[in-house]
Amino acid sequence: MQTDTIKENRNIAGSGTASDAPLRICILTYRGNPSSGGQGVYVRRISRALKDLGHSVEVASGQPYPILDDDIILHKLPSLDLYNPNDLFRTPRISELKSPVNLLEWMLLSSGGFPEPFTFSLRAYSFLKQNKNRYDVVHDNQCLAYGMLGIKKLLPLVTTIHHPITKDRDIEVSAQPNMLRKVQKWRWYSFLGMQKRVARNLEHFITVSEASKKDISSDFKVDATNFNVVPNGINTEIFYPIPGNLRPSNRLIVTNSADTPLKGLKYLLHAVDRIRRKRNIHLTVIGKPKPGGAIEQLVKDLNLNDVVTFTGRIEEEEFAGYYANSTIAVVPSIYEGFGLPAGEAMACAVPVISTTGGALPEVVGDAGLLVPPADDSALEKAIITLLDNPGMCHKLAKAGYERVIRNFTWENTALATANVYKEAIYADS
C-alpha cells in the first residue's frame, strides 16, 4: 500500500535527490527509432544521464535499435522488423513463423494492425523472467502492452507516457481523404485499446508535462495522482549558440516529421506561401517529405520549391550550424506532449514562434511568440512581426536560451526519474 507521504510527493519528483545507493535499471523501448523521433532521443539521453549519476543502466529494445553511448549495454530483442523501410512489409520465411510470437506479429500486421508494442512486450517479459536478478527496477518507454502486466509481477515497473497517442490517432484519422482510409488508419491505431487497459492496471507513471498528464489521465481514464511530471532535458552539447555568428534576416527553420499531420507543417507552408508574395523569405525543413505524400504535393501545388529546402536526415553535430544560420525557429505542431524542437531551438539562442498545442506553452513560456494551432494566418502574422523587429528577436533569443539552461537539463531529468524509481521500489516492497 502506498503511503500518504508518497502520494503527496507526486508531481514534485525532482524536489529530492537520488539515493546514494546506485540502482540497477532496465529501460524497455519497443523501437529505438535512431534516425528521428522524440522517444529515441529520450532513451539515449535518459540512459546517459542516469549512468552519469552512478546508476547501472541497460536497455532492451526491438528494431530499429536505439543509438546508445558505448558504455550502455543494449539487449537486442529482435522482431520480424516488418516496418524496415528497406524491406517494408516483407513476407517472413516459414522458419521465422515457427516462433509463436513471430506468427502473432505477422497475423496482426496482416489484419491491418500495429503489432510491435504487443509482441515486444512478450519478448521483454521472457527476457526479464530470465534476467530479473540483474535489475532493481524496469522503466517502460511507452510500450504499455499486455506483457507489462507480467513484468510488473517480476519487478517494480515505472512507465513513461510522453503524450496521449489518442491525439495522433484523432488528427490522422480526420486528415484522411476518404472513409476507407479513415477506417484503415483507425484499425492501425487499434493497439490504443490495449494501452488504455494496461495503463489502468499500472501505478507508477512519468510524463513530461502538465498538459500530457491532464490529457493522458482524461483519455486513458487513469488516476492523475499516479503521474509524476518530469520534463525532458535538452542536450546543450549538441544544441548551443555559436559565438560571433551573424544571423541572416529572412530564414525560417522547422524540425518536423513532415508528413505527420500532428506536426502541422502544412499550416506553416501556407503561411510561407503568403509571406513570400510580399518579401524574400526561405524555409529550411530539417527532415524530408514522404515521396508522393501530402506535404510533397502541397509544396508542388503552392510552387514553393524555390523557397523551401528539405535537408533530409542530418547528423547531430550539424544541428547547431543549421540553427545558427536561421532567423526564426517555428514550431507549428497541433499538439506536443513536450516539444523538444522548441527547447532545442531556444538552446541555440534562436527566437521561437510556437503554437499553444499541448505542452508547448510550458516549454516556451514567455520566451517566444505563441499562436493558436492549425492557424496559418496567425503564423504569418507572428513571422512578419519578428522579421520586422530585430530587437524583439534578440530579446526572445536571450530569454529562450536562459530558460533552457535554467529549467531543462538532462541531469535534472535523471535525478527526478531516479526518485520515481525509488518510489516504485518502496511502494512495491
Side-chain angles (χ1 to χ4, degrees), residues 231-236 238-256 263-265 267-272 274-276 278-287 307-309 311 314 318-333 336 338-373 375-409:
N232 286 328
I234 305 296
N235 188 340
T236 53
I238 296 171
F239 300 96
Y240 58 89
I242 295 179
N245 178 68
L246 184 62
R247 296 189 186 279
S249 61
N250 66 338
R251 298 187 74 87
L252 310 178
I253 188 170
V254 60
T255 302
N256 203 288
K263 299 301 182 181
L265 181 58
Y267 300 102
L268 177 57
L269 292 175
H270 281 293
V272 168
R274 290 202 293 272
I275 294 170
R276 63 90 175 258
K278 310 168 191 175
R279 62 178 71 200
N280 183 23
I281 194 171
H282 188 274
L283 171 65
T284 298
V285 182
I286 306 295
V307 297
V308 177
T309 299
T311 66
I314 67 171
E318 297 181 81
F319 274 99
Y322 273 100
Y323 278 112
N325 287 299
S326 303
T327 317
I328 303 166
V330 185
V331 185
S333 301
E336 291 283 355
F338 180 73
L340 281 172
E344 291 164 354
M346 291 158 65
C348 293
V350 182
V352 169
I353 295 170
S354 168
T355 72
T356 56
L360 284 165
E362 295 178 50
V363 177
V364 176
D366 59 0
L369 294 188
L370 296 173
V371 301
D375 190 336
D376 47 281
S377 295
L379 283 172
E380 176 191 5
K381 182 179 178 180
I383 291 166
I384 291 174
T385 296
L386 282 192
L387 290 177
D388 287 345
N389 289 275
M392 182 184 295
C393 282
H394 177 76
K395 179 181 177 182
L396 291 178
K398 182 174 183 292
Y401 175 76
E402 292 173 348
R403 182 174 176 82
V404 168
I405 298 303
R406 184 171 60 249
N407 296 308
F408 304 119
T409 69

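For this chain, numbers begin at 1 and follow the sequence in order.
Between Phe338 and Phe408, a ring centre-to-centre spacing shorter than 6.0 Å is recorded.
Here the straight-line distance linking atom CG of Leu379 with atom NE2 of His270 works out to 11.5 Å at 0.5 Å rounding. Between Leu387 atom CG and Lys278 atom NZ the span is 11.0 Å, to the nearest 0.5 Å. How far OH of Tyr240 is from CD1 of Ile242: 5.0 Å, rounded to the nearest 0.5 Å. A distance of 8.0 Å separates OG1 of Thr311 from CD of Glu318, quoted to the nearest 0.5 Å. Between the CD1 atom in Ile238 and the SG atom in Cys348 there is a gap of 10.0 Å [rounded to 0.5 Å]. Rounding to the nearest 0.5 Å gives a distance of 6.5 Å between CG of Leu283 and CG of Leu269.
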Review point. Leu386 and Leu396: side chain to side chain contact (heavy atoms under 4.5 Å, CB included), yes or no, with the steps?
Key: CA-CA 10 Å; Leu386 282 192; Leu396 291 178; 3.9 Å; yes

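No side-chain heavy atom of Asn325 sits under 4.5 Å from any side-chain heavy atom of Thr284. Residues Val350 and Arg247 form a side-chain contact, since some pair of their non-hydrogen atoms from C-beta on lies under 4.5 Å apart. Contact annotation: the side chain of Leu268 approaches that of Ile383 to within less than 4.5 Å [non-hydrogen atoms, C-beta and beyond]. Counting heavy atoms from C-beta outward, Arg279 and Asp388 have side chains that approach closer than 4.5 Å. Between Thr255 and Tyr322, every side-chain heavy-atom pair lies at or beyond the 4.5 Å cut-off. Residues Pro231 and Asn407 are not in side-chain contact: their nearest non-hydrogen atoms beyond the backbone lie 4.5 Å or more apart.
When all heavy atoms of Val364 and Ala342 are compared, the pair lying nearest together is CG2-CB, 3.9 Å. Annotation for Ala324 and Pro248: closest pair O-CD, 4.3 Å, computed over non-hydrogen atoms. Closest approach of Thr385 and Met392 over heavy atoms only: CG2-SD, 4.2 Å. The nearest pair of heavy atoms linking Tyr267 to Asp375 is CD2-N, 4.2 Å. Between Ala347 and Ile234, the shortest heavy-atom contact is CB-CG2, 3.8 Å. Nearest heavy-atom pair, Ala399 versus Ala367, reported as atom, atom and distance to 0.1 Å: C-CB, 3.7 Å.
Between the side chain of Thr356 and the main chain of Leu370, no donor-acceptor pair closer than 3.5 Å is present. Within the 3.5 Å criterion, the main-chain N or O of Asn250 finds a donor-acceptor partner in the side chain of Thr327. Put simply, the side chain of Arg403 never gets that close to the backbone of Asp366: no donor and acceptor are under 3.5 Å apart. Of the possible donor and acceptor atoms, none in the side chain of Thr355 sits under 3.5 Å from a partner among the backbone N and O of Val371. Asn389 places no side-chain N or O within 3.5 Å of a backbone atom of Gly391 that could act as its donor or acceptor partner. With Arg251 contributing its side chain and His282 its backbone, the two residues share no donor-acceptor pair below 3.5 Å.
Atom OH of Tyr401 has 12 or fewer heavy atoms from other residues, nucleotides or ligands within 6.0 Å.
Asp376 meets the salt bridge (Lys or Arg N to Asp or Glu O under 4.0 Å) test with Arg274; sequence neighbours excluded. For Glu402, the salt bridge (Lys or Arg N to Asp or Glu O under 4.0 Å) criterion is met by Lys398, not counting sequence neighbours. With sequence neighbours left out, Pro390 forms a side chain to side chain contact (heavy atoms under 4.5 Å, CB included) with no residue at all.
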